[in-house]
Protein chains: 2
Amino acid sequence: MKYNQVTIKDIARELGISPSTVSRALKDHPDISPQTKKAVNELAEKLNYQPNIVALSLRQSKTNTLGVIIPELVHFFFSTVISGIEDVAYSAGYNVIITQSNESLQREKTDIKALFNSRVDGMLISVSRETSSFEHIESILAKGVPMVFFDRVYENANSSTVIVDDLSGAKEATQHLIDQGCLRIAHLEGPPNLGITKQRLEGYLEALKDNNVAVDKDLIVSCPLGTIEEGKAATEILLKSSKRPDAIFATNDPAAMGAMQAIKEAGLKIPEDIAVVGFSNWFFSALLEPPLTSVDQPGFEMGQEAAKLLIRQIEFKSKDNEDPAPETKVLKTRLIVRDSSLKKGKAKK
Amino acid sequence: MKYNQVTIKDIARELGISPSTVSRALKDHPDISPQTKKAVNELAEKLNYQPNIVALSLRQSKTNTLGVIIPELVHFFFSTVISGIEDVAYSAGYNVIITQSNESLQREKTDIKALFNSRVDGMLISVSRETSSFEHIESILAKGVPMVFFDRVYENANSSTVIVDDLSGAKEATQHLIDQGCLRIAHLEGPPNLGITKQRLEGYLEALKDNNVAVDKDLIVSCPLGTIEEGKAATEILLKSSKRPDAIFATNDPAAMGAMQAIKEAGLKIPEDIAVVGFSNWFFSALLEPPLTSVDQPGFEMGQEAAKLLIRQIEFKSKDNEDPAPETKVLKTRLIVRDSSLKKGKAKK
DNA sequence: TTAATTTTAGGAAACGTTTGCGGTTTCGAT
DNA sequence: ATCGAAACCGCAAACGTTTCCTAAAATTAA
């Protein structure tokens, strides 16, 4: 589309000087006399000159654009991460292109190629549920594209990552349930490919061990999709078993929600009969009845950190032409105690 | 960043022909002999040639990028709209840059400028709560940038818009409450600047009139932010009044949620004492207790339609160099009846 | 006054494409 | 043998910048 925006050439012609002089004047280059600078800047102001970003990108081989790949935008957590990313990206002068893999490896592959073709300066990636091989990522990485992984990371030594401390978050949640007097704590496990799934399971196990609670394998049930329906179905099975759990720690809030539905439909009380704790502190969790205790992940902050790391990497590389040492940022989780897990007393504010 | 991607020149050099021939061969131009085409395509394939989009953009003055401005990404509705937009945009070969105004007019202004500077081919806009003047939009529109407004539209004759039929949605919701035997139906009104607020109020009023129910001005309360807290506070006041409502129709789901909280805390039952209906069918609405009846807006479809309209406009303009006639797409809403409004019998389903 | 600097400015190439126009070939037809 | 038209291809300009290099003008030093 041609919008007839005024260019450097227009200014040069009007002033009877050359484009190069205008360019330098606008950048306050010492070679240019104060008078010329003044004239150029005033005319630029008057004509409302705006540099053509596309031409700039071509010239500098730098698009000032960050590519983002997330599993799904409609997840509360991911949309807050995006907000965090945009926050630092825009104030650093970067645009952001967002793509969704929809939890599909195939989509993830095409997304990453599309971003590469758009010549983004770097990528922020959270892998899909299906992603268990990483050639598509490696091949782009090999071309030298800076990447930062967040939340659902690709653990390879050469990329920076931002994660939350899933292990200790899960441990804290489980400990909390133990503190409430629960002894038969079930765990609804998440998608098997994801590191976060393992970490959360690990935290759960560690807490049990720390308290000398025996691990009952029957109490660990897989929810490979991590949906409400799965959580519900898994819980229904748990409830039918001879030795019913007295608490459920779910890998995420939707699964926990499903668990709550199953428990209520079975005529049992939360938390009296069974306490429930989720993970991620989705928007809806505070609105449930009873309100769901959950492990809060600082999504906005995660987005900010990831973007900062990426931008630093991009700018470091453009200077020294080599990658900075990869960094791993681990963000603290926060257990939000609500009524769904409070067998004793009221929530500590 | 320099990734040493292979260019048309590389292929030309390798084959001992000119870049123009390579370009034409790749585009299957009739001037080029089959042999040359074959050689070029094979080498391009072998070297994994990918056209440089930035150079293309500069050359054609077309970025193949759509700019989007929404109030907030974390709203379920808006994130589904985005998904719809990306769906059609990507399959039509467009990238999407998303910005959030955070319901601030100021941010909206800077966003729109930033998008313009990024030379997007067109914009998709849903205005902020604060937006009551439109010079910032007009000034960009005047430069000929194609725009399509969705949901929260700027009603000016010369732009295409996609909206849902808020009026009839609200009317249907109110009618439903009347059908349930409610006679004192309160309305929690939304942000005063927005057209959707007026439409929803209008639908509410029409339904009352159609059924010869007198309008009680005291039953119409403003919630200028449309938040849970506001809905709760407004409802508390309504409940204290001498002639308490027997139903509440809220301008959106958060307000309805607040109303539910207030009602429950007052020891009243939903829907027996007071029925509640919301608008937008947020993700959490089905999870409340009782599940909230709400007017569903087809967000994904809205995004698709808006993107289609915009792309059509962009491509029409690049051909005929003038704007196509503006279009207005009105999408149907759908009343999702759940328990929060069912005084009689069970949900049809 | 002249030579050596410094200051200021411009020319031109480059980033990777596309495309109007002109220039060779080739080949069948006269 | 010559002509005309296809068929095929390259030159160069253009999109809007930046930047290396060179050059003129102004200033200073000798």
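Lettering follows sequence order; numbering is per chain, from 1. In this text the structure is predicted, and so the values were computed from the model without any measurement. FYI, side chains are in, hydrogens and waters are out, and symmetry mates aren't considered; it's all heavy atoms of this structure.
Closest non-hydrogen pair, B/Tyr154 versus B/Ile137, comes out as CD2-CG2, 4.0 Å.
For the contact set between residues 13-25 of chain B and DNA chain C, defined by any heavy atom under 4.0 Å, the members are B/Ser20, B/Ser23, B/Arg24. Contacts between residues 27-42 of chain B and DNA chain C, defined by a heavy-atom separation under 4.0 Å, are made by B/Lys27.
Residue B/Lys9 has a polar side-chain atom (N or O) positioned under 4.0 Å from OP1 or OP2 of C/dC15.
Taking atom CG of B/Leu58 as the reference point, atom P of D/dC15 lies 9 Å away to the nearest angstrom. Rounding to whole angstrom units, CZ of residue A/Arg119 and P of C/dG16 are separated by 9 Å. Distance B/Leu56 CG to C/dC15 P: 16 Å, rounded to the nearest Å. Here C/dG10 presents its C1' atom at 17 Å from CD1 of A/Ile11, a figure rounded to the nearest Å. To the nearest angstrom, C1' of D/dG16 lies 15 Å from CD of B/Gln60. Going from atom CD of B/Gln5 over to atom C1' of C/dT17 covers 15 Å, rounded to whole Å. The distance between atom CG of B/Asn52 and atom C1' of C/dG16, rounded to the nearest whole Å, is 6 Å.
Legend: residues meeting side chain to side chain contact (heavy atoms under 4.5 Å, CB included) with A/Val6, ordered by chain and number and at least two apart, are A/Asp10, A/Ile11, A/Leu47, A/Tyr49.
With rounding to the nearest 0.5 angstrom, the CD atom of B/Glu315 is 5.5 Å from the NZ atom of B/Lys62.
The backbone N or O of B/Ala114 sits less than 3.5 Å from a side-chain atom of B/Ser118, completing a donor-acceptor pair. Listed for the A/Ser57 side chain is a donor-acceptor partner under 3.5 Å among the backbone atoms of A/Ile53. When atom types are taken as modelled, the side chain of B/Ser126 and the backbone of B/Arg152 share a donor-acceptor pair closer than 3.5 angstrom. Looking at A/Asn193, its side chain does come within 3.5 Å of a backbone N or O of A/Arg129 through a donor-acceptor pair. At distances below 3.5 Å, not a single donor-acceptor pair connects side-chain atoms of A/Thr36 with backbone N or O atoms of A/Ile32.
Nearest to the side chain of A/Ile8, among C/dG16, C/dT17, D/dT17, sits D/dT17.
Between B/Thr99 and the options B/Val68, B/Ile69, B/Ile112, a side chain to side chain contact (heavy atoms under 4.5 Å, CB included) holds for only B/Ile69.
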